[in-house]
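Note that the structure is a prediction, hence the values are computed from the model and not measured.
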Amino acid sequence: MSLILHHYPQSPVAHKTRMALGIAGATWQSVEIPRIPPKPLLMPLTAGYRRTPVLQIGADIYCDSQNIVRALQEHGCPNSLFPDGVTGRSMMMTSWAESTLFDLAVRVVITNALDTAPAEFIADRGALYFEKDWSPESLRAALPSVLLRLQACLALAEFQLVASDGVFLNGDTPCYADAAIGYIAWFLRGRWEGGPGFLGPFEQVCKLEAALADIGEGASTDLSGEDAIAIAKATYPASPTGVSVPFTAGMKEGHRVAIQPHGTNADPQVTGTLRYLDATRVSIDHDSLETGPVAVHFPIAGYDVRPF
């Protein structure tokens, strides 16, 4: 089955995933989706999950970038995203980058775009990423402190790159953690006019960003959303079933479960029948008129998973 990425060019997390596809040497198909809901050719596949990107392999649908990269590794791409046994270290660094670096970077970018970006886009992203009582005034007031924290975090990434004695975090061989740092630099540089100057002192971070750009994003061809849905409907989920973890929170295969990103307010709750559960992934079976039976896969880290 081919790899199908549902994404849009401006999405920073999608860019990270595209860089991972490049590191992996993958060949993939590209479906461009809207930046904000409604997403009528995506959400039937995902049981209502709305975030970007989403990876489709036949009738198996992988949500969230950390889950997508695991699927890429399982798919058997030409190059490993976790060479020399760096899986745990790479995923821990990536988790830090996603939860800390990206949170700070998105606050900087959105704050500086308050007067120029479409109001509906600002409102949508504010509901996803910020506290319930956020306001343009509160974002502007907090910006100096946010920039200090972002500077400190980029310094940590810089220290690690210097210590690696190579362009990449693992020396001379790229891994997924490199994409997790590189996409933050790409996001700041491209979406904030102050980004290039702010990044300037972090020479190794900038070298990493450039090296990833040289690797590219793999080989892609365009695919329509309608064709992607037709592919799902013409196939059947091929992923495993069962529960293979000691602590299950009372869930068993076949139970109804609800899944939602932790700590956010605007994401819809996704529900389905528990298909698979291990220490890092939860999967549900979902069926719709548009897609037929699909399996929708989520990471457990960063998500609330509850039986109901």
For Gln260 and Tyr303, run side chain to side chain contact (heavy atoms under 4.5 Å, CB included): C-alpha distance rounded to whole Å, both residues' side-chain angles, the deciding distance at 0.1 Å, then the answer.
-> CA-CA 6 Å; Gln260 192 171 27; Tyr303 284 74; over 6 Å; no

Decide whether Tyr176 and Asp178 meet the rule of one side-chain donor and one side-chain acceptor closer than 3.5 Å.
-> no

Hey, is CD on Glu193 packed in by over 12 heavy atoms from elsewhere, all under 6.0 Å?
-> no

Check Phe168 against Leu161 and note the closest heavy-atom contact, atom names and distance.
-> C-CD2, 3.9 Å

Taking everything shown except Phe121 itself, do over 12 heavy atoms lie less than 6.0 Å from its CZ?
-> yes

Would you find more than 12 non-hydrogen atoms of other residues, nucleotides or ligands less than 6.0 Å from Asp214 atom CG?
-> yes

Quick check: does any side chain N or O of Arg191 sit under 3.5 Å from a backbone N or O of Gln10, one acting as donor and the other as acceptor?
-> yes

Kindly work out whether a path of hydrophobic side-chain contacts (I/L/V/M/F/W/Y, heavy atoms less than 4.5 Å apart) joins Val106 to Ile181.
-> yes

Any side-chain heavy atom of Phe102 sitting closer than 4.5 Å to one from Pro12?
-> yes

Within the side chain of Lys207, is there an N or O that forms a donor-acceptor pair under 3.5 Å with the backbone of Phe202?
-> no

Geometric cation-pi criterion, Arg107 with Tyr129: 6.0 Å, 45° = no

Heavy-atom side-chain proximity of Leu128 to Arg50 below 4.5 angstrom = yes

Would you say the side chain of Phe298 lies within less than 4.5 Å of the side chain of Val270, judging by non-hydrogen atoms?
-> yes

Spatial distance of atom CD1 (Ile61) from atom OG (Ser283) [nearest 0.5 Å] | 11.5 Å

Say whether Glu98 and Ser65, considering side chains only, have a donor N or O and an acceptor N or O under 3.5 Å apart.
-> yes

Single-linkage hydrophobic cluster, 4.5 Å side-chain cutoff, Leu45 and Met1 together = no

Do Leu199 and Leu188 come close enough that some side-chain heavy atom pair is under 4.5 Å?
-> yes

Judged by modelled atom types alone, do Gln66 and Ser95 share a side-chain donor-acceptor pair under 3.5 Å?
-> no

Separation between OG1 of Thr100 and CG of Leu156, rounded to the nearest 0.5 Å = 10.0 Å

So, are Lys39 and Glu32 salt-bridged, with charged N and O less than 4.0 Å apart?
-> no

Please answer whether the main-chain N or O of Pro237 pairs with a side-chain N or O of Asp60 as donor and acceptor at a distance below 3.5 Å.
-> no

Note: Pro299 and Asn67 closest approach over all heavy atoms is CD-CB, 3.6 Å

Heavy-atom closest pair, residues Ile122 and Ala113 | CD1-O, 3.9 Å

Counting only N and O atoms by type, is there a donor-acceptor contact under 3.5 Å from the side chain of Thr241 to the main-chain atoms of Tyr276?
-> no

Is it the case that Ser224 and Asp227 place a side-chain donor and acceptor less than 3.5 Å from each other?
-> yes

Would you check, one step at a time, whether the test side chain to side chain contact (heavy atoms under 4.5 Å, CB included) holds for Val31 with Leu42?
-> CA-CA 9 Å; Val31 177; Leu42 174 70; over 6 Å; no

Backbone N or O of Ile231 within a donor-acceptor pair of the Thr235 side chain at under 3.5 Å?
-> yes

Does Asp103 reach the main-chain N or O of Ser99 with its side chain, forming a donor-acceptor pair under 3.5 Å?
-> no

Short side-chain to backbone donor-acceptor contact, Glu253 and Leu274, under 3.5 Å | no

Do the two ring centres, one from Tyr62 and one from His297, sit under 6.0 Å apart?
-> yes

Report yes if the distance between the aromatic ring centroids of Trp28 and His7 is under 6.0 Å, otherwise no.
-> yes

Is there a donor-acceptor contact under 3.5 Å linking the side chains of Ser244 and Asp278?
-> no

Side chains of His6 and Gln56: do they bring a donor and an acceptor to under 3.5 Å?
-> yes

Arg306 and Met251: side chain to side chain contact (heavy atoms under 4.5 Å, CB included), yes or no, with the steps?
-> CA-CA 8 Å; Arg306 305 183 184 94; Met251 295 181 290; over 6 Å; no

Any salt bridge between Arg89 and Asp84, counting N to O under 4.0 Å?
-> no

Do the side chain of Gln73 and the main chain of Ser80 share a donor and acceptor less than 3.5 angstrom apart?
-> no

Validation row: Pro44, His286 side chains within 4.5 angstrom (heavy atoms) | no

Kindly indicate, with the supporting measurements, whether the criterion side chain to side chain contact (heavy atoms under 4.5 Å, CB included) is fulfilled by Thr280 and Ile300.
-> CA-CA 5 Å; Thr280 61; Ile300 293 175; 5.9 Å; no

Is there a side-chain contact between Ile23 and Cys175, using heavy atoms and a 4.5 Å cut-off?
-> no

Between Arg189 and Glu209, is there a side-chain N and carboxylate O pair less than 4.0 Å apart?
-> yes

Are any non-hydrogen side-chain atoms of Met43 and Tyr49 less than 4.5 angstrom apart?
-> no

Which distance, rounded to the nearest 0.5 Å, do you find between the CD of Gln204 and the OG of Ser164?
-> 7.0 Å

Is the closest basic N to carboxylate O distance between Arg140 and Asp115 below 4.0 Å?
-> yes

Shortest non-hydrogen contact from Ile4 to Ala228?
-> CG2-CB, 4.4 Å

For residues Ser239 and Ala295, report the shortest heavy-atom separation together with the two atoms involved.
-> OG-CB, 3.8 Å

Looking at Glu74 and Arg281, does any basic side-chain N land under 4.0 Å from a carboxylate oxygen?
-> yes

Indicate if Tyr236 and Ile229 have the same hydrophobic cluster label, given that clusters are the connected sets of ILVMFWY residues with side-chain heavy-atom separations under 4.5 angstrom.
-> no

When you measure from the side chain of Ser90 to the backbone N and O of Thr87, does any donor-acceptor pair fall under 3.5 Å?
-> no

Say whether, by atom type as modelled, one donor and one acceptor occur between the side chain of Glu158 and the main chain of Val205 under 3.5 angstrom.
-> yes

Could you state whether Val167 and Phe159 fall into the same hydrophobic cluster, counting links through intermediate Ile, Leu, Val, Met, Phe, Trp or Tyr residues with side-chain heavy atoms under 4.5 angstrom apart?
-> yes

Would a 4.5 Å heavy-atom cut-off, applied to side chains only, mark Leu212 and Tyr183 as touching?
-> no

Electrostatic pair Asp64-Arg51, nearest N-O below 4.0 angstrom | no

Of all the heavy-atom pairs spanning Ala47 and Ile284, show the shortest one and how long it is.
-> CB-CD1, 4.3 Å

Starting at OG1 of Thr111, measure out to CG of Leu139 and round the result to the nearest 0.5 Å.
-> 4.0 Å

How many angstroms lie between atom CG of Asp304 and atom CD1 of Ile259, to the nearest 0.5 angstrom?
-> 10.5 Å

Hey, what do you get for CG (Leu148) to CG (Leu104), rounding to the nearest 0.5 Å?
-> 10.5 Å

Determine, using the 4.5 Å side-chain heavy-atom cutoff (strictly less than), whether Ile184 and Leu21 are members of one ILVMFWY cluster.
-> yes

